[in-house]
Amino acid sequence: MRKKILIASRWYAPIKNPRAFRAYELLMEFVRRGYDVIAFLPEDAEMQADARTVFVPHGKMAGSVMRAKKSNNKMKSRLLQRLRKMFLFLFGDGPNIIYYAYFLYKSIKTHLRNKNDYNVIISISYPFYVNVALACLKRYINPATVLIADCGDPFYANPSFKKAFYLKYLEKWVLNQFDYVTIPIEAARSNYLEYLPPEKIKVIPQGFKLMDIPASTYQKNKVPTFGYAGVFYESIRNPRYFFEYLLTLQQDFCFVVYAIADGFTARLLAEYKEKLGDKLDIREAVDREVLIPEMATWEFVINFDNDNSNQRPSKLIDYAMSKRPILSFNQASFKPDVFSSFLSGDYRERDHIDLSQYDIRTVVDKFEKIFYQK
């Protein structure tokens with residue numbers, strides 16, 4: 001009999017972020033292996049022909065009264081910003097995420113009343129409130145089911161903004177409702193050891209169906225061309241120092257940035273586009289199947305490391321698939337002389353990424369090992 005798996009996620013294709021990629025790749029590989037899969041996904045997710053899907057309503061961020069928007073009424077704008085910061089401090093996430101978690105809880109609870117014979121349930125976080133919803137369902141879940149919390153980032157220890165102290169205890173309670181907690185890198189383990197015994201924490205990297213890019217894709221460009229794909233964060237991944245450095249360079253170059261133009265990222269890019277002109281090429285985010293071959297035509301790729309040491313962007317996998325040299329740094333580790341060497345074609349300080357560990361087949365092999373440990 002085929003094993004049955006339930007997957008719950010807030011993010012999914014066509015959204016382009018690491019958690020959406022995680023949910024999509026896991027679901028598709030489980031289906032390829034013959035598992036009977038049902039996925040609880042946001043209502044704007046793409047349908048998957050080979051997996052049953054339950055669509056969960058989610059709040060529209062643009063329509064949220066807690067969303068700080070540009071307004072001619074400066075007092076109203078400041079009030080909305082303060083209300084949102086207060087909400088984030090008290091709950092650790094925005095109101096739309098709480099809204100989604102509530103309806104996710106209701107949808108899965110209703111489903112379990114009719115069908116509760118799943119071998120495995122995987123809750124994909126971020127956001128953390130997906131895990132909260134599943135933790136609150138623990139008493140309705142078959143005791144024989146292996147319950148896994150797949151955590152991309154820590155919740156309370158994430159330094160992107162301050163949180164109320166009691167959220168640390170919420171995180172501890174939630175994680176202890178699961179049989180296992182999976183994390184993407186070993187460096188993140190310290191964030192969970194105070195909550196869980198070591199044997200419940202499993203390191204399982206982000207996984208993708210690897211693309212084979214021919215080495216001949218790269219041809220030297222007329223001017224050094226390098227690029228970045230992703231978003232920026234004012235608190236933990238702020239590249240202002242790098243843009244200021246680029247303004248000091250006298251030579252020609254082209255810095256290509258694929259980004260979702262929203263919030264801080266949009267404001268920052270608009271500011272430096274005006275200063276750098278054609279040297280900064282801003283493009284809309286595209287699918288990985290389009291992005292990776294494009295990156296393969298650049299001289300090298302830029303990875304802005306997070307300022308905290310326990311997280312590394314999953315985009316490094318895509319970078320490695322492009323077969324172009326990777327230069328990683330953050331504000332503390334940026335070295336102008338190393339960057340200058342890259343511009344000159346000297347890549348001795350490049351990152352070395354072992355792609356084999358990110359093959360989705362290897363990743364699902366790791367999940368299968370813990371299916372049978374309960």
Donor-acceptor under 3.5 Å ([X] side chain, [Y] main chain):
X: Arg19; Y: Ser125; value: yes
X: Thr248; Y: Glu244; value: no
X: Thr217; Y: Ile213; value: no
X: Lys109; Y: Leu104; value: no
X: Asp179; Y: Lys200; value: no
X: Gln331; Y: Tyr241; value: no
X: Lys4; Y: Asn119; value: no
X: Glu29; Y: Ile360; value: no
X: Tyr319; Y: Arg324; value: no
X: Tyr156; Y: Tyr169; value: no

Salt-bridge contact [X]-[Y] (side-chain N to carboxylate O under 4.0 Å):
X: Asp359; Y: Arg361; result: yes
X: Arg22; Y: Asp150; result: yes
X: Lys172; Y: Glu194; result: no
X: Arg52; Y: Asp36; result: yes
X: Asp365; Y: Arg33; result: yes
X: Lys16; Y: Asp287; result: yes
X: Lys323; Y: Asp212; result: yes
X: Glu271; Y: Arg267; result: no
X: Glu299; Y: Lys220; result: no

* To do: Give me the one residue out of Phe334, Phe232, Tyr272, Tyr228 that meets ring pair (Phe, Tyr, Trp, His ring centres under 6.0 Å) with Phe242.
  => Phe334
* To do: Go through the steps to decide whether Ser328 and Asp305 satisfy the test side chain to side chain donor-acceptor pair (under 3.5 Å), and finish with yes or no.
  => CA-CA 6 Å; Ser328 292; Asp305 272 333; 4.5 Å; no
Hey, is [atom1] on [X] packed in by over 12 heavy atoms from elsewhere, all under 6.0 Å?
X: Lys275; atom1: NZ; answer: yes
X: Glu274; atom1: CD; answer: no
X: Asp337; atom1: CG; answer: yes
X: Phe161; atom1: CZ; answer: yes
X: Gln177; atom1: CD; answer: yes
X: Tyr347; atom1: OH; answer: yes
X: Tyr24; atom1: OH; answer: no

Donor-acceptor side-chain pairing of [X] and [Y] below 3.5 angstrom:
X: Asp346; Y: Ser344; result: no
X: Tyr118; Y: His111; result: yes
X: Asn142; Y: Thr145; result: no
X: Tyr195; Y: Glu171; result: yes

Would you check if [X] and [Y] make a side-chain contact, meaning some heavy-atom pair closer than 4.5 Å?
X: Pro154; Y: Tyr192; value: yes
X: Leu280; Y: Val257; value: yes
X: Met321; Y: Leu210; value: yes
X: Gln357; Y: Asp354; value: yes
X: Asn131; Y: Phe155; value: no
X: Val363; Y: Phe208; value: no

* To do: Consider only side-chain heavy atoms of I, L, V, M, F, W and Y, link residues closer than 4.5 Å, and tell whether Val130 and Leu88 are in one cluster.
  => no
* Looking at the rings of Phe329 and Phe304, which for Trp means the six-membered one, are their centres under 6.0 Å apart? -> yes
* To do: Could you tell me if the ring centre of Phe226 sits under 6.0 Å from that of Phe339?
  => yes
* Derivation of the ring pair (Phe, Tyr, Trp, His ring centres under 6.0 Å) call for Phe55 and Phe40 -> CA-CA 6 Å; Phe55 293 107; Phe40 286 76; over 10 Å; no
* Give me the other members of the hydrophobic cluster that Val223 sits in, counting Ile, Leu, Val, Met, Phe, Trp and Tyr linked by side-chain heavy atoms under 4.5 Å, directly or via other members. => none
* Remaining members of Tyr218's ILVMFWY cluster at a side-chain heavy-atom cut-off under 4.5 Å? -> none
* Asked: If you take all heavy atoms of Phe178 and Ser123, which pair is closest and at what distance?
  -> CE2-CB, 3.9 Å
* **Pro42 versus Ser9, closest heavy-atom pair with distance** => CD-O, 3.5 Å
* Mind running salt bridge (Lys or Arg N to Asp or Glu O under 4.0 Å) on Arg283 and Glu294 for me, showing each step along the way? => CA-CA 12 Å; Arg283 305 179 186 178; Glu294 174 61 24; 3.1 Å; yes
* To do: For Glu43 and Tyr100, run side chain to side chain donor-acceptor pair (under 3.5 Å): C-alpha distance rounded to whole Å, both residues' side-chain angles, the deciding distance at 0.1 Å, then the answer.
  => CA-CA 10 Å; Glu43 58 191 351; Tyr100 182 79; over 6 Å; no
* Take the angle between the ring planes of Trp298 and Tyr258 and call it parallel below 30°, perpendicular above 60°, tilted in between. => parallel
* To do: Would you please name every residue forming a salt bridge (Lys or Arg N to Asp or Glu O under 4.0 Å) with Lys273, sequence neighbours left out?
  => none
* **Phe87 six-ring centre to Lys85 NZ/CZ under 6.0 Å and within 45° of normal** => no
* To do: Under the side chain to side chain donor-acceptor pair (under 3.5 Å) rule, what do Ser333 and Asn330 come out as? Steps first, then yes or no, please.
  => CA-CA 5 Å; Ser333 63; Asn330 57 25; 3.1 Å; yes
